[in-house]
Amino acid sequence: THEEGFVSATPAVCGGKCYVVGAMGLYCLSAKDGAVLWKVEGEAAHASPLVADGVVYHGGNGRAYDAETGKLLWKNPLWNDAWRHDDTGTYSSPLLWTAGGRKYVVTSDTGASAYVGLELETGKVVWTVKGSINVITTLCNDVLIVAAPYGGSGTSAHKLTPAGAELLWKRPFADGSGDILWRDHLYVPGG
């Protein structure tokens with residue numbers, strides 16, 4: 001269970017503010033002196049927050065907030081809060097993806113065991129990719145690598161567009177996380 005309150009999220013710093021997921025929710029702190037500017041109470045999560053264009057997406061609860069005020073802007077429509085009760089966690093931090101001049105959040109949804117592309121401004125779903133949601137994904141340009149955990153069904157690569165996610169390949173190997181995609185080659189630790 002999450003009763004012990006351990007978290008391992010990396011803070012995000014933007015515009016003189018530090019956004020961090022703690023044991024009791026999402027916090028916005030002054031980068032200058034550490035003063036709490038606003039907070040959203042909630043349970044512990046392991047996913048780091050994503051900050052872009054005045055939006056803070058909290059991958060631990062599937063919600064986006066105004067970076068200045070903490071006001072709720074939108075909720076991932078595929079998010080399922082029930083994951084808290086079956087002791088699975090959100091370990092894959094949201095990623096920023098830009099296509100056609102628009103920005104998107106690439107994150108897990110916990111409801112359909114998939115990764116999802118959401119419009120940063122509205123939270124509208126633009127595509128989904130089935131895969132294990134508790135491992136770190138890799139995104140390079142328009143290619144999303146969905147790693148399978150040990151014992152999983154395999155690692156896959158998907159070409160992303162605002163209209164969908166096309167499967168490029170799927171291989172039977174699995175890994176925990178930490179893949180690196182560089183110059184059209186995927187490097188897998190221990191793979």
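Sequential numbering from 1 along the given sequence is applied to the chain's residues.
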Original post:
When you measure from the side chain of Y19 to the backbone N and O of A67, does any donor-acceptor pair fall under 3.5 Å?
Top reply: yes
Original post:
Is there a side-chain contact between W79 and V116, using heavy atoms and a 4.5 Å cut-off?
Top reply: no
Original post:
Would you say the side chain of N76 lies within less than 4.5 Å of the side chain of T107, judging by non-hydrogen atoms?
Top reply: yes
**OP:** State the CG-OG distance between L78 and S108, to the nearest 0.5 angstrom.
**Re:** 11.0 Å
Original post:
Who pairs with D33 by salt bridge (Lys or Arg N to Asp or Glu O under 4.0 Å), at least two apart in sequence or on another chain?
Top reply: none
Original post:
Any chain of hydrophobic side-chain contacts (each under 4.5 Å) joining L72 to Y27?
Top reply: no
Original post:
According to a 4.5 Å side-chain heavy-atom criterion applied to Ile, Leu, Val, Met, Phe, Trp and Tyr, with indirect links allowed, do V36 and V40 form part of one hydrophobic cluster?
Top reply: no
Original post:
Between the side chains of N61 and Y65, does any donor sit under 3.5 Å from an acceptor?
Top reply: yes
Original post:
Is there a side-chain contact between H58 and V21 (heavy atoms, below 4.5 Å)?
Top reply: yes
**OP:** Give a yes or no on whether N141 atom CG has more than 12 heavy-atom contacts from other residues, nucleotides or ligands under 6.0 Å away.
**Re:** no
**OP:** Indicate yes or no: at least one non-hydrogen side-chain atom of H158 is less than 4.5 angstrom from one of V143.
**Re:** no
Original post:
Between CG of L37 and SG of C28, what distance do you get to the nearest 0.5 Å?
Top reply: 4.5 Å
**OP:** Flag yes if L139 and L167 sit in one hydrophobic cluster, no otherwise; membership is Ile, Leu, Val, Met, Phe, Trp, Tyr, and two members link when side-chain heavy atoms are under 4.5 Å apart.
**Re:** no
Original post:
Quick one: which of V56, L96, V13 gives a side-chain contact (heavy atoms from CB on, under 4.5 Å) with V51?
Top reply: V56
Original post:
If you measure from CG on D53 to SG on C14, what distance do you get to the nearest 0.5 Å?
Top reply: 9.0 Å
Original post:
Looking at residues at least two apart in the chain, or sitting in another chain, which of them share a side-chain hydrogen bond (donor to acceptor under 3.5 Å, both in side chains) with Y104?
Top reply: none
Original post:
Quick one: does L118's side chain get under 4.5 Å of V126's, heavy atoms only?
Top reply: no
**OP:** Kindly indicate whether the side chain of Y115, heavy atoms from C-beta on, has any atom under 4.5 Å from the side chain of P94.
**Re:** no
Original post:
Would you say the side-chain atoms of S156 pair up with the backbone N or O of K170, donor to acceptor, closer than 3.5 Å?
Top reply: no
Original post:
Ignoring hydrogens and geometry, is there a side-chain-to-backbone donor-acceptor pair from S93 to S48 under 3.5 Å?
Top reply: yes
Original post:
Looking at residues at least two apart in the chain, or sitting in another chain, which of them share a side-chain hydrogen bond (donor to acceptor under 3.5 Å, both in side chains) with E68?
Top reply: K17
**OP:** Heavy atoms only: give me the nearest T155-W169 pair and the separation to one decimal.
**Re:** O-CZ3, 3.6 Å
Subject >> Under 3.5 Å: donor-acceptor pair, side chain of W74, backbone of L120 >> reply: yes
Original post:
What distance do T161 atom OG1 and E166 atom CD have between them, rounded to the nearest 0.5 Å?
Top reply: 8.5 Å
Original post:
Hey, is CD on E121 packed in by over 12 heavy atoms from elsewhere, all under 6.0 Å?
Top reply: no
Subject >> Stepwise side-chain contact (heavy atoms from CB on, under 4.5 Å) check, E41 with M24 >> reply: CA-CA 6 Å; E41 293 184 10; M24 302 301 289; 6.0 Å; no
Original post:
Do T69 and W38 touch side chain to side chain, with heavy atoms closer than 4.5 Å?
Top reply: no
Subject >> Heavy-atom closest contact (G60 atom, A47 atom, distance) >> reply: N-CB, 4.2 Å
